[in-house]
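Note that this is a predicted model, so its numbers are computed, not measured. Order of listing sets the numbers, starting from 1, for every ligand and every atom in it.
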Amino acid sequence: MTTEKKYILAIESSCDDTSAAVLCNTEVLSNVVATQEIHRQYGGVVPELASRAHQQNIVPVVHQALAKANIDKKQLSAIAFTRGPGLMGSLLVGTSFAKSLALGLDIPLIEVNHMEAHILAHFIKDQDTQRPEFPFLGMTISGGHTQIVQVNNYFEMKVLGETLDDAVGEAFDKSAKLMGLPYPGGPLVDKYAREGNPKAYPFPKPKVEGLNFSFSGLKTSILYFLQRETQKNADFVQENIKDICASVQHTILEILMDKLKLAVKQTGIKRVAIGGGVAANSGIRSRLKEAEETMGWKTYIPKFAYCTDNAAMVGIVGYLKFLEEDFTDQSAAAKARYAIGS
Ligand code: KG4
Ligand code: ZN
């Protein structure tokens with residue numbers, strides 16, 4: 001790799017976080033994220049509101065990222081942006097902004113696939129975390145994604161399995177909502193689960209062939225279970241919240257770990273790197289640690305700020321593509337659906 005300093009401005013706007021980052025080669029100089037609070041009151045992301053909030057946020061967020069990095073626009077080597085997948089109205093904001101700025105500054109433009117960015121976030125320079133060696137299995141788990149990918153090289157990835165319906169974060173959030181917890185409920189389920197009995201209420205695991213996932217059945221069985229129990233005792237949820245959360249989380253983790261074990265078995269690859277907001281879950285973290293001891297896996301989790309949606313992960317892909325001179329022209333349009341490797 002070249003040792004020459006390259007400054008990449010990266011922009012992420014695929015869902016409900018407006019983010020801009022400046023990287024100097026693989027090092028993050030700034031990573032500003034404006035999280036849109038407006039969606040909380042609706043219990044989920046409202047696409048039209050997300051798009052409007054991105055329009056308001058993008059200029060100040062980019063300014064802040066440059067200021068924090070202490071970099072002038074004129075020093076930038078290229079601009080990287082998330083082209084997809086994501087919400088169309090949200091992607092349009094980042095895409096249009098990146099294109100005009102690159103045109104104005106007359107520097108290369110680099111398109112980034114958001115799902116590849118979640119995986120390549122592991123290659124951001126960070127003294128506390130290790131970079132996985134190739135090949136490895138990447139599992140991205142968040143409110144919008146659930147995917148297992150075989151990563152042979154930076155740009156040689158193959159999706160082995162993904163969700164057929166809800167994402168794993170949605171499974172957490174929707175279960176939490178059924179228990180009357182505020183959105184997003186994932187962190188609260190995690191918190192209560194730590195003090196509950198994971199075997200208190202067994203929920204069925206979906207029967208999905210191969211490495212694909214399904215979480216919508218779990219939500220339905222939790223709904224019926226809670227309806228049944230609250231008919232008998234109106235205070236059932238309040239009285240048993242810890243055990244219910246522990247049982248729900250246990251079932252979700254079993255589903256994730258079963259698929260990971262199958263992926264390891266099928267590929268013979270024992271390096272597992274996870275990312276996405278659900279990587280914050282204390283249960284998945286301890287399961288992975290356990291797997292290191294019991295099954296000889298090597299596991300990797302990036303710093304939390306690089307797990308949730310952020311522009312630094314877009315910047316690392318931007319830098320890696322810059323080295324390959326893999327640039328995009330002004331005709332690049334946002335892509336709501338954008339498969340890895342396409
Ligand atoms: O990556 P992220 O910030 O946003 C996207 O979905 O793209 O992920 C947010 C998701 C939410 O569903 C949230 O409930 C979940 O990650 N989450 C957790 C935890 N922290 C965040 N789920 C379970 N346990 C956690 N500790
Ligand atoms: Zn994401």
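Heavy-atom contacts from other residues, nucleotides or ligands closer than 6.0 Å to CD of Q41 number more than 12. More than 12 heavy-atom neighbours from other residues, nucleotides or ligands sit within 6.0 angstrom of CG on D128. Shown here is F322, whose CZ atom has more than 12 heavy atoms of other residues, nucleotides or ligands within 6.0 Å. Heavy atoms of other residues, nucleotides or ligands lying less than 6.0 angstrom from CD of E133 number 12 at most. With a 6.0 Å radius and a threshold of 12 heavy atoms from other residues, nucleotides or ligands, R40 has its CZ atom at or below the threshold.
Between Y154 and F134, the ring center distance clears the sub-6.0 Å criterion. Between F225 and F236, the ring centre distance stays below 6.0 Å.
Considering only non-hydrogen protein atoms, atom 26 (N) of ligand 1 sits nearest to D190 OD2, 2.9 Å. Looking at atom 7 (O) of ligand 1, its nearest protein heavy atom turns out to be D309 OD2, 3.1 Å. Looking from atom 13 (C) of ligand 1 to the surrounding protein, the closest heavy atom is D173 OD1, 3.8 Å. Distance from atom 22 (N) of ligand 1 to its nearest protein heavy atom, with residue and atom name: G186 CA, 3.5 Å. At the top of the distance list for atom 15 (C) of ligand 1, counting protein heavy atoms only, stands V278 CG2, 3.9 Å. The protein atom (non-hydrogen) at minimum distance from atom 10 (C) of ligand 1 is G143 N, 3.5 Å. Remark: minimum distance from atom 24 (N) of ligand 1 to any protein heavy atom is reached at N281 ND2, 2.9 Å. P187 N, 3.8 Å is the protein heavy atom nearest to atom 19 (C) of ligand 1.
Taking backbone and side chain together, C15 holds no N, O or S atom under 2.8 Å from the Zn ion (ligand 2).
Taking distance alone, with nitrogen or oxygen atoms compared against 3.5 Å, G277 approaches ligand 1 more closely than that limit. Looking at G144 next to ligand 1, an N or O pair under 3.5 Å apart turns up. Considering both main-chain and side-chain atoms, G169 comes within under 3.5 Å of ligand 1 through a nitrogen or oxygen pair. Distances between N or O atoms of H145 and those of ligand 1 include no value under 3.5 Å. Looking at P184 next to ligand 1, no N or O pair under 3.5 Å apart turns up.
Between H118 atom NE2 and H114 atom NE2, the angle centred on the Zn ion (ligand 2) amounts to 90° (nearest 10°).
Interface of S142 with ligand 1, defined as ligand atoms under 4.0 Å from a residue heavy atom, comprises 1 (O), 5 (C), 6 (O), 7 (O), 8 (O). Atom numbering of ligand 1 starts at 1 in the shown order; those under 4.0 Å from a heavy atom of A280 are 20 (N), 26 (N).
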Requested in this report: Given side chain to side chain donor-acceptor pair (under 3.5 Å), test Q147 with T140 step by step and report yes or no.
Outcome: CA-CA 5 Å; Q147 207 170 51; T140 307; 5.3 Å; no
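Checked against the Zn ion (ligand 2), the N, O or S atom of D309 at the shortest distance is OD1.
Taking every heavy atom of both residues into account, S247 and D243 meet most closely at OG-O, 2.8 Å.
Classification of the H114-H118 ring pair by plane angle, with boundaries at 30° and 60°, yields perpendicular. In this pair, F123 and F136 present their aromatic rings tilted. The plane angle is within the 30 to 60° band.
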